[in-house]
Amino acid sequence: MHSQQVTAEPPSNGRDSTVGDVPGVLWSPASGADRAPLIFDVIIAGCGPTGATLAAELRLHDVRVLVVEKETEPASFVRIVGLHIRSLELMAMRGLLDRILQHGRRRPAGGFFAAIPKPAPKGLDSAYAYLLGIPQPVIERLLEEHAIELGAQVRHGCAVAGFEQDDEGVTVELSDGGRLRARYLIGCDGARSTVRKLLGVGFPGEPSRTDTLMGEMKVGVPQEEIAAKVAEISETHQRFWLRPFGEGVYSVLVPAAGVSDRAEPPTLEDFEQQLRTIAGTDFGVHSPRWLSRFGDATRLAERYRVGRVLLAGDAAHIHPPIGGQGLNLGVQDAFNLGWKLAAQIRGWAPETLLDTYQAERHPVAEDVLDNTRAQMELTSTEPGPRAVRRLLTELMDFEEVNRHLIEKITAIGIRYDFGEGPDLLGRRLPDIDVKQGRLYGLLHRGRGLLLDRTERLTAGGWSDRVDHLADPTAELDVPCVLLRPDGHVAWIGDDQQDLDDHLSRWFGKPAN
């Protein structure tokens, strides 16, 4: 799976010329003899879910990509992460979902907000209205394999150590002493992002105040006894659970107050101590799969882009894991950024297209940070937060309140600001039935899509970037819809000139 050698890919579509007889070794227009050859269009720091997804999205558009990952091997522990509805939709858009489902475990949507035990409201507008639990090393492997299959280069055991940017590109120094040049550098290198620090982008927010222990381990008492005890304790302690994963293995969550130093990894004895303190028993826990500690630090990068260097995923935002939004937020960053950066590199991007990455995703991250702050407050054992939690629990019996919160957590309620228009404008379109089967099956190539019920409009000079489907479906109750590659509705109407204006806005000048 890991590509140790970095090989240059041949240039495509005549964008660049070769140097001498060495195919794929390119130079930027202003490069001097002291500059590294321009082998890649984009270098991505970090091959976690965000970096791997971004690499795949770029490769859909024939962008030369190198991903550098400091780790040489996958994580030894097996943490279960959750893919929420919007992430499942995005995986379906690229034809990845069936592969991922084989390795995950579905559970009903609901109970996400502050772990308040309310089922999902009826009729969530998605064909994928469930949570998929999947081991983190597995989803990372699947996403990396997908990127490599599409032609991305991945180098493990190597990280970005420094960089310099200019008007034509970025010269990147690697931890193994190598020096490469690319048009863009993307920091997907996590909460302690080297790229963000070297870029000098501020990361304001709040440091961690409350630590929590989390792990997976076996237990030595019957499931019925555990369930009864957890039900009793959860009335007053929200940061406490034992959740079964099958074969005697449980996910265990307990407050970390009063146990080992934050700088030291937690031990099984720490879990035993906290379980006895809170529950009066350690449930006979043993044979841990993995143990970890996390805090509630909450920070958001001031900027997502400085020149030719951009940030995505945890490099751009961190927050407590409550609600399970972190991995999903990063993957969704990648889907938003990928086609826009590819358009910039391919030469057809409208002037401000790349700027819309921050304009759209920064507010989304702000909202996630706020809702995780609120959820953490609702886990407090203090009387005031407990009273607010009881009130919110009552309010969630109103379907619209429950719906609003679950759409927020699962990201299907996002509406980007594309200006005035119908409520559907700026929202994602669900995976509706079309003549060819399902809508998302038409988005595997990462292109725009015109759904035309009038059968008289055309994508014209944008047909190299936008597909056209006439008379698509009776489920679509508007005349025509223009979808961006990330599945968000960019235009609604029935006028060709108005459509052309919006095609230009999102997909640049027509090819002819």
Side-chain angles (χ1 to χ4, degrees), residues 77-82 84 105-120 131-136 210-259 266-296 319-327 371-372 374-382 385-386 389-390 392-393 396 405-406 409:
F77 55 83
V78 184
R79 175 180 297 162
I80 302 297
V81 295
H84 280 308
R105 182 177 178 183
R106 303 187 199 190
R107 78 172 180 84
F112 298 146
F113 194 86
I116 294 174
K118 297 290 183 180
L131 176 75
L132 185 73
I134 187 168
Q136 184 164 343
T210 303
D211 279 11
T212 304
L213 302 181
M214 188 174 185
E216 291 178 12
M217 60 204 72
K218 292 189 174 182
V219 299
V221 299
Q223 181 173 341
E224 295 76 12
E225 180 179 334
I226 296 172
K229 195 61 147 175
V230 169
E232 173 190 338
I233 294 170
S234 63
E235 294 293 325
T236 54
H237 288 80
Q238 303 307 321
R239 285 189 301 122
F240 175 90
W241 74 51
L242 283 84
R243 293 177 177 170
F245 273 122
E247 300 179 355
V249 176
Y250 277 70
S251 169
V252 179
L253 184 88
V254 288
V259 299
T267 65
L268 181 62
E269 289 72 25
D270 293 333
F271 281 80
E272 292 171 336
Q273 174 185 324
Q274 290 302 92
L275 287 169
R276 287 193 296 266
T277 298
I278 296 172
T281 174
D282 61 17
F283 300 98
V285 294
H286 64 95
S287 305
R289 288 182 173 182
W290 57 269
L291 305 173
S292 69
R293 176 199 301 267
F294 65 86
D296 60 350
H319 55 83
I322 190 166
Q325 299 166 91
L327 181 151
N371 82 55
T372 54
Q375 290 181 78
M376 287 302 294
E377 289 296 319
L378 295 175
T379 67
S380 171
T381 57
E382 294 296 316
R386 286 178 62 189
R389 184 183 181 88
R390 289 192 294 270
L392 185 59
T393 301
M396 288 178 69
L405 292 176
I406 199 167
I409 294 290

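Here the structure is a predicted model, which means the values were calculated and not measured.
- Between atom CZ of residue Phe113 and atom CZ of residue Arg389 there is a gap of 9.5 Å, rounded to the nearest 0.5 Å.
- A heavy-atom distance below 4.5 Å is not found between the side chains of Phe283 and Val252.
- Judged as a side chain to side chain donor-acceptor pair (under 3.5 Å), and not counting sequence neighbours, the contacts of Asn371 are Gln325, Gln375.
- Note that the CG atom of Leu253 and the CG atom of Leu213 stand 8.0 Å from one another [nearest 0.5 Å].
- Across Ser380 and Arg386, no two heavy atoms sit closer than the pair O-CG, 3.5 Å.
- In this structure, the side chain of Asp211 does not engage the main chain of Ala256 through any donor-acceptor pair within 3.5 Å.
- In this structure, Val249 and Arg289 have side chains that are in contact, with non-hydrogen atoms separated by less than 4.5 Å.
- Ser292 meets the side chain to side chain donor-acceptor pair (under 3.5 Å) test with Arg79; sequence neighbours excluded.
- Residues passing the side-chain contact (heavy atoms from CB on, under 4.5 Å) test with Glu269, sequence neighbours excluded: Thr267, Glu272.
- Around the NZ atom of Lys218, the shell of radius 6.0 Å holds no more than 12 heavy atoms that belong to other residues, nucleotides or ligands.
- Applying the side chain to side chain donor-acceptor pair (under 3.5 Å) test to Ser251 and every residue at least two apart in sequence or in another chain returns Trp241.
- In this structure, CE on Met217 lies 4.5 Å from CZ on Phe271, to the nearest 0.5 angstrom.
- Shown here are the salt bridge (charged side-chain N to carboxylate O under 4.0 Å, His left out) partners of Glu377, two or more places apart in sequence or in another chain: Arg209.
- Closest heavy-atom contact between Gly323 and Ile409: O-CG2, 3.5 Å.
- The distance from atom CZ of Arg243 to atom CD1 of Ile226, rounded to the nearest 0.5 Å, is 14.0 Å.
- Between Glu216 and Pro288, every side-chain heavy-atom pair lies at or beyond the 4.5 Å cut-off.
- Counting heavy atoms from C-beta outward, Leu275 and Leu242 have side chains that approach closer than 4.5 Å.
- Met396 places a side-chain heavy atom less than 4.5 Å from the side chain of Ile116.
- By the 4.5 Å heavy-atom criterion applied to side chains, Leu392 and Leu405 are counted as neighbours.
- A pairwise comparison of heavy atoms in Pro320 and Met376 identifies CG-CG, 3.7 Å as the closest pair.
- Taking both residues in full, the closest heavy atoms of Ile406 and Gly110 are given as CD1-N, 3.8 Å, listed atom of the first, atom of the second, then distance.
- The salt bridge (Lys or Arg N to Asp or Glu O under 4.0 Å) pairs that include a residue from residues 273-286 are Arg276-Asp282, where partners are two or more places apart or lie in different chains.
- Using cut-offs of 30° and 60° for the angle between ring planes, the His84 and Phe112 rings count as perpendicular.
- A pairwise comparison of heavy atoms in Leu378 and Pro385 identifies CD2-O, 4.0 Å as the closest pair.
- The shortest non-hydrogen separation linking Ala279 to Phe240 is CB-CZ, 4.1 Å.
- Taking OG1 of Thr393 as the start and CZ of Arg390 as the end, the distance is 9.0 Å to the nearest 0.5 Å.
- Note that CD1 of Ile134 is 13.5 Å distant from CZ of Arg105, once rounded to the nearest 0.5 Å.
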